[in-house]
Amino acid sequence: MLQPSSPPALITLRGVSKVYPGPAGGFTALSDVSLDVAEGGFVAVVGPSGCGKSTLLSLISGVDRPTRGEVMVGGTAVHALPERRLSEWRGRTVGIVFQFFQLLPTLTSAENVMLPMDFCGTWPVRERRGRAEALLERLGVADQADKLPSALSGGQQQRVAIARALANAPAVLLADEPTGNLDSRTSAAILELFASLSAEGQTVVMVTHEAAARTHASRTLEMADGRVVGDEAGVEVSEAVRG
Ligand code: ADP
């Protein structure tokens with residue numbers, strides 16, 4: 001039997017369509033998308049509003065189910081997971097970063113980062129605080145550990161939110177417009193952070209409007225009308241190949 005020449009992808013979509021029900025017979029948000037994302041990749045998903053970027057993320061995270069097709073993440077058939085297993089699977093496998101950070105306002109940074117560990121019961125209770133502090137350190141905000149989100153800048157809040165998304169060592173980090181609420185300098189720093197996490201082996205899939213994302217991501221997928229219409233290696237990568 002022939003062996004595949006490259007390792008299996010961490011994320012695989014096969015023939016994925018998503019039709020939202022509606023009065024005129026439904027709206028097709030994703031149309032027959034097939035895709036492989038390698039482990040450790042940093043994929044930017046770009047395209048105009050309404051082209052299906054967030055829908056793609058919600059199918060990878062199991063927040064929503066495809067109308068047709070298969071979504072595999074780390075060998076799990078996400079599209080077929082029973083509802084009762086989905087939230088635990090998601091809590092352990094997927095970290096999600098949002099445009100507006102969505103930190104709990106009454107908890108400190110460290111407590112926000114501990115929350116996913118508490119929910120999923122990952123790591124012994126006595127190790128959770130230390131792990132949260134180590135993640136905040138990695139994200140460059142160790143000195144903000146005991147502050148409430150309201151005392152932090154937008155960039156600091158997003159760093160805490162990324163630390164929280166990494167709390168359970170997820171196979172996949174998903175980000176939906178993570179720089180959409182940040183100034184351009186802070187945005188660049190956050191994109192660099194994702195690139196460095198990816199260089200350490202973290203798989204990252206990021207939806208963005210940010211043109212600069214192409215220079216940080218290892219791969220850019222361009223979407224239009226529910227389809228993937230472009231698939232390019234990152235600028236730095238292709239320059240390195242040319243040079
Ligand atoms: P993007 O993230 O690229 O802006 P989305 O994935 O959010 O696009 O949406 C794709 C299309 O699907 C849009 O036209 C949007 O209005 C539609 N859509 C998204 N979610 C729903 C829903 N729950 N019900 C009906 N239509 C939806």
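Ligands are counted one by one from 1 in listed order, and the atoms in each one are counted from 1 as well.
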Table of N or O contacts for ligand 1, cutoff 3.5 Å:
unit_1: ligand 1; atom_1: 2 (O); unit_2: Ser54; atom_2: N; d: 2.8
unit_1: ligand 1; atom_1: 2 (O); unit_2: Ser54; atom_2: OG; d: 2.8
unit_1: ligand 1; atom_1: 3 (O); unit_2: Gly50; atom_2: N; d: 3.4
unit_1: ligand 1; atom_1: 3 (O); unit_2: Cys51; atom_2: N; d: 3.1
unit_1: ligand 1; atom_1: 3 (O); unit_2: Gly52; atom_2: N; d: 3.1
unit_1: ligand 1; atom_1: 3 (O); unit_2: Lys53; atom_2: N; d: 3.0
unit_1: ligand 1; atom_1: 3 (O); unit_2: Lys53; atom_2: NZ; d: 2.9
unit_1: ligand 1; atom_1: 4 (O); unit_2: Gly50; atom_2: N; d: 2.7
unit_1: ligand 1; atom_1: 6 (O); unit_2: Ser54; atom_2: N; d: 3.4
unit_1: ligand 1; atom_1: 6 (O); unit_2: Thr55; atom_2: N; d: 2.9
unit_1: ligand 1; atom_1: 6 (O); unit_2: Thr55; atom_2: OG1; d: 2.6
unit_1: ligand 1; atom_1: 8 (O); unit_2: Gly52; atom_2: N; d: 3.3

ask   = Does the side chain of Asn168 pick up a donor-acceptor pair with the side chain of Thr122 at under 3.5 Å?
value =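 Checked: Asn168/Thr122 side chains pair up, N/O donor to acceptor below 3.5 Å.
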
request  = Could you list all the side-chain hydrogen bond (donor to acceptor under 3.5 Å, both in side chains) pairs where at least one residue sits in residues 188-199, not counting sequence neighbours?
outcome  =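 Found Arg138-Ser196.
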
task = With sequence neighbours excluded, give me every side-chain hydrogen bond (donor to acceptor under 3.5 Å, both in side chains) pair touching residues 98-109.
result = Thr108-Glu111

ask   = In Å and rounded to the nearest 0.5 Å, what is the CH2 to CG distance from Trp123 to Asp118?
value =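 Trp123 CH2 to Asp118 CG: 12.5 Å, rounded to 0.5 Å.
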
ask   = How far does CG of Leu174 sit from CD1 of Ile11, to the nearest 0.5 angstrom?
value = 6.5 Å

key: Non-neighbouring partners of Glu177 that pass side chain to side chain donor-acceptor pair (under 3.5 Å), sequence neighbours left out   =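 Checked Glu177 against side chain to side chain donor-acceptor pair (under 3.5 Å); matches are His209.
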
